[in-house]
Each structure stands twice: as C-alpha cells, then as structure tokens.
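When a ligand or atom number is given, it counts from 1 through the structure's own listing order. Heavy atoms only: backbone and side chains are in, while hydrogens, waters and symmetry mates are out.
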Amino acid sequence: MNIHEYQAAEIFARYGIPTNGGQVAITPREAQTIAETLGGTVVVKAQVHIGGRGKAGGIKLAATPDEARDVATRILGMDIRGHQVNRVLVAPAARIASETYLGVTLDRAARQIVLIASAAGGVEIEEVAHTNPDAIIRTPIDPVRGLLHYQATDVAFALGIPAEQVAGFVSIATNLVRAYLAEDATLAEINPLARTETGEWLAVDTKMVLDDNALFRHREDEELRDMAEENAVELDAKASGISFVQLGGTIGCVVNGAGLAMATMDAVKLAGGEPANFLDVGGGAKADQVAKALGFILTDPQVRVILFNIFGGITRGDEVAKGLIAGLAGMPRPVPIVVRLAGTNAEEGRAILATASVQAAETMTEAATMAVAAANQGRGNG
Ligand code: GDP
Ligand code: MN
C-alpha cells in the first residue's frame, strides 16, 4: 500500500527522524492560512503517489502567504502522470546545502533487506543505478538486529560525510531501518536527505510503501489509504474476492489459483506476448465470479484477447464454462477467447462451450501460443 509523503513524514518523525513538519491543505485558502501560521518562506508540495513531482511542477517555494495561495491554486487539480493532485503539503522551506539518498527496501534477488545510500541525492535512485551504479552503496540488514552501528558508520564514511555530521546520519539511518521493520514496510525512503546551510540533517522528501500482507498487524494503517489513488477496478475486484492486478499488456488472463496465474503469465511471455493482468478468481469460483472477472478485464481498452486457464480441483470446469457463457452475453466489446480447461468436470465444461465462439486449447503452452497469435492478429499487422 502506497501512502503520501506527509503520512510517511509523520511516521518517520515518530522514529526520531528530523522532518520539516508542515500541514496538508485541500484548498488554496487553507494553504495560505498554513503559510501564515508557519511564517517565512514555505514549500508547497503536491501529494500524489508518484515521484518526480518537482520536475512536473508539483513543488514550489512561496515567500508569502499570498504566494502560497497562488502556488496552491496552480498545483491543486494538476495531473502528474495520471495522478490528480487533491491535496498539498505546506511546510517550512528548507535551506538545502547538499542532498543525499537514503532508502531501505527488500532486495528480492539477494533475499535480504538492504540499506541503499548515495551521495547523488535528489535524483531518482533508479536513474542513479542506471547512469552511475558505483555511486550506490548497498548494505545488507539483519532483520532481527537491524542496522548495526558500525554498518551505519561505514556508510557515512563511504558517503564522505564530515566527522561532525556522522552521528546525525547514523541516527537517521538506524531509525529509518527501525521504522521499516516495525511498520512492516517494503520501502522506506528519504530523497533527498538534506544537509541544511546550518549543517543540520533534514528529511526533505519521505516515501513509504507498506506491505499489504502485513496490514492485519496494523489495522490503524487502513486510515492512511487514499481511495482516490487506488485503481477502482482492482478495488471492485477485491470486493468480489478476486485478486486482480492490471499490468499493461494485451492478453487478459482468467486463472484460478495464484500459482497457476503466475505460470500462465510466464507462458504468455514465453510465447512472445504481454499479459494485461494478473487475475486469480480463487478456488471454487462459481459462474458469477467468472463472469465478473471477464468484465473487470474488459474495462482495459488494451486487451485484445482473453485467455482462460482453469485447472479444476475444487473449482469445477462446468461452473467456469457457465460463467464464461454468461460473461460472453454481457461483453461490452467482442474479443477472441482462448480456453484451456483441465481437471474436475473439464469434459462437462468443454461440452457447454462446444457451441460458444471460443477457441479451445489442450495445454497451457498451446493456449498461450493461440492467445498471442490472436492478439497479434487483432493488431492488424499480420
Ligand atoms: P520529488 O520531485 O517528487 O522527488 O519531490 P522532492 O520533495 O524530492 O522535491 C524535489 C526537489 O525539490 C528536491 O530534491 C529539492 O531539491 C527541491 N526541494 C524540495 N523541498 C524543498 C525545500 O523545502 N527547499 C528547497 N530549497 N528545495 C526543496
Ligand atoms: Mn524526492
């Protein structure tokens, strides 16, 4: 679950990380009032679940409350790469002398938590990784012991931090790791972690992603969810008990079971296609679930073909076939459908589908190949 910068800042502050405070406004007038209360120059920052706000014009300094109001007028309602700005953070402007990157995340390939630091702060870390990989310092973290003092000190020296500022850095890095672990995050990031002109450390931009699978341990975190930032179709699907994640390819996939869904996506990729989604209708899916799944997939205009890959265990092939027939009747637009049914009641299912306009496949590989062919045909370039 993504949360906003100001929410991450509140959490980091609880762990003793220096942040620049401020308050959230949803109207220009509120922004003005906050600026008045703060006094001095403020920074007005778009709160959206996407980075690169500065470059997009979503972050502006304002010297007076009037200016804060004007700047907020421009930023509120702005669209930043598909994210509409509904609120701004108004905070005291920092006087930045230098910018460092500091983040904690899970390195899946290395199977461990890592602290990532770079003297090339302010820039997106993916960009640094690409253009200047040597500028990135990676430190493995023991999930039980956290970041050890010597590790944090090593990083400080590798970053070339002056001796009198090392203790402050060590404290921030250690606390960032504590926050990451205790809050069950998958990302805790400060970019930039600034040093001010007066030599203090300040977390200027904070970001946190919470692990959905651990939310049951942090019920209060549900309040941090911004519904406006969530994918409406994915939420609908979730309410229906369907795991659905949109991905951007052209081949819609309806599958039962998370493992089979992953395998199906691999098969599609191997056959040269791009899956439009991950979808797990769940075990024992009934006809109406399947029809709904079809509907969710077709909200995506990129989808050119739908691949059904069902392995019947508790799920019954005939139920899936009935759902498919019901879904076909209500399809908002026609797309080719490839079906591979195996397992419980697959025979009955195939019989139900015999007269429907679907392409039947025997194996997963065959189904993926047929789906890719249909998607390419739909593209109209042979
Ligand atoms: P992002 O573009 O979404 O990563 O948003 P950031 O909060 O990181 O802001 C982008 C850049 O704007 C930072 O790297 C800073 O250089 C600058 N910036 C942000 N806040 C302040 C501030 O309070 N004072 C000054 N002088 N610059 C700021
Ligand atoms: Mn940033």
Distance filter under 4.0 Å to [X] heavy atoms, resulting ligand 1 atoms:
X: A93; answer: 23 (O)
X: E99; answer: 13 (C), 14 (O), 15 (C), 16 (O)
X: G54; answer: 1 (P), 2 (O)
X: N191; answer: 8 (O)
X: I59; answer: 5 (O), 6 (P), 7 (O), 9 (O)

Report task. From the options V281, N256, I337, L341, select the one residue that forms a side-chain contact (heavy atoms from CB on, under 4.5 Å) with F308. Result ->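 Exactly one pass, corresponding to I337.
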Report task. Take H49 and H83 through the ring pair (Phe, Tyr, Trp, His ring centres under 6.0 Å) test and state the conclusion after the steps. Result -> CA-CA 7 Å; H49 290 178; H83 296 249; 7.2 Å; no
Report task. Considering only protein heavy atoms, determine whether one is less than 4.0 Å from atom 25 (C) of ligand 1. Result ->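 Yes.
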Closest approach of any protein heavy atom to [atom], naming residue and atom:
atom: atom 22 (C) of ligand 1; result: A94 N, 3.5 Å
atom: atom 20 (N) of ligand 1; result: V204 CG1, 3.4 Å
atom: atom 7 (O) of ligand 1; result: K45 NZ, 2.7 Å

Query raised in the report: Are M262 and V255 co-members of a hydrophobic cluster defined by side-chain heavy atoms under 4.5 Å apart?
Result: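 Cluster IDs for V255 and M262 differ.
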Can you check which of [options] brings a heavy atom nearest to [atom]?
atom: atom 28 (C) of ligand 1; options: I96, V43, N20; value: I96
atom: atom 3 (O) of ligand 1; options: R53, R95, K55; value: R53
atom: atom 4 (O) of ligand 1; options: T206, D205, L202; value: D205

**Report entry** I26 atom CD1, over 12 foreign heavy atoms within 6.0 Å
**Finding:**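 At most 12 heavy atoms, drawn from other residues, nucleotides or ligands, come within 6.0 Å of this atom.
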Query raised in the report: Do the charged groups of K45 and E5 touch, with an N to O distance under 4.0 Å?
Result: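 Judged by the 4.0 Å cut-off on N to carboxylate O distance, K45 and E5 do form a salt bridge.
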**Report entry** Basic-acidic side-chain contact under 4.0 Å: K286, D288
**Finding:**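 No, K286 and D288 are not salt-bridged.
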**Report entry** Minimum-distance pair of heavy atoms, taken over all atoms of A63 and T41
**Finding:**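 Taking every non-hydrogen atom into account, CA-OG1, 3.9 Å.
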Query raised in the report: Of the backbone and side-chain N, O or S atoms of D205, does one lie nearer to the Mn ion (ligand 2) than 2.8 Å?
Result: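 True for D205.
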Query raised in the report: Can Y101 and E189 be said to form a side chain to side chain contact (heavy atoms under 4.5 Å, CB included), step by step?
Result: CA-CA 8 Å; Y101 174 93; E189 186 183 76; 2.6 Å; yes
Report task. Can you measure from CD1 (I310) to CD (E319) and round to the nearest 0.5 angstrom? Result ->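 I310 atom CD1 to E319 atom CD measures 11.5 Å (nearest 0.5 Å).
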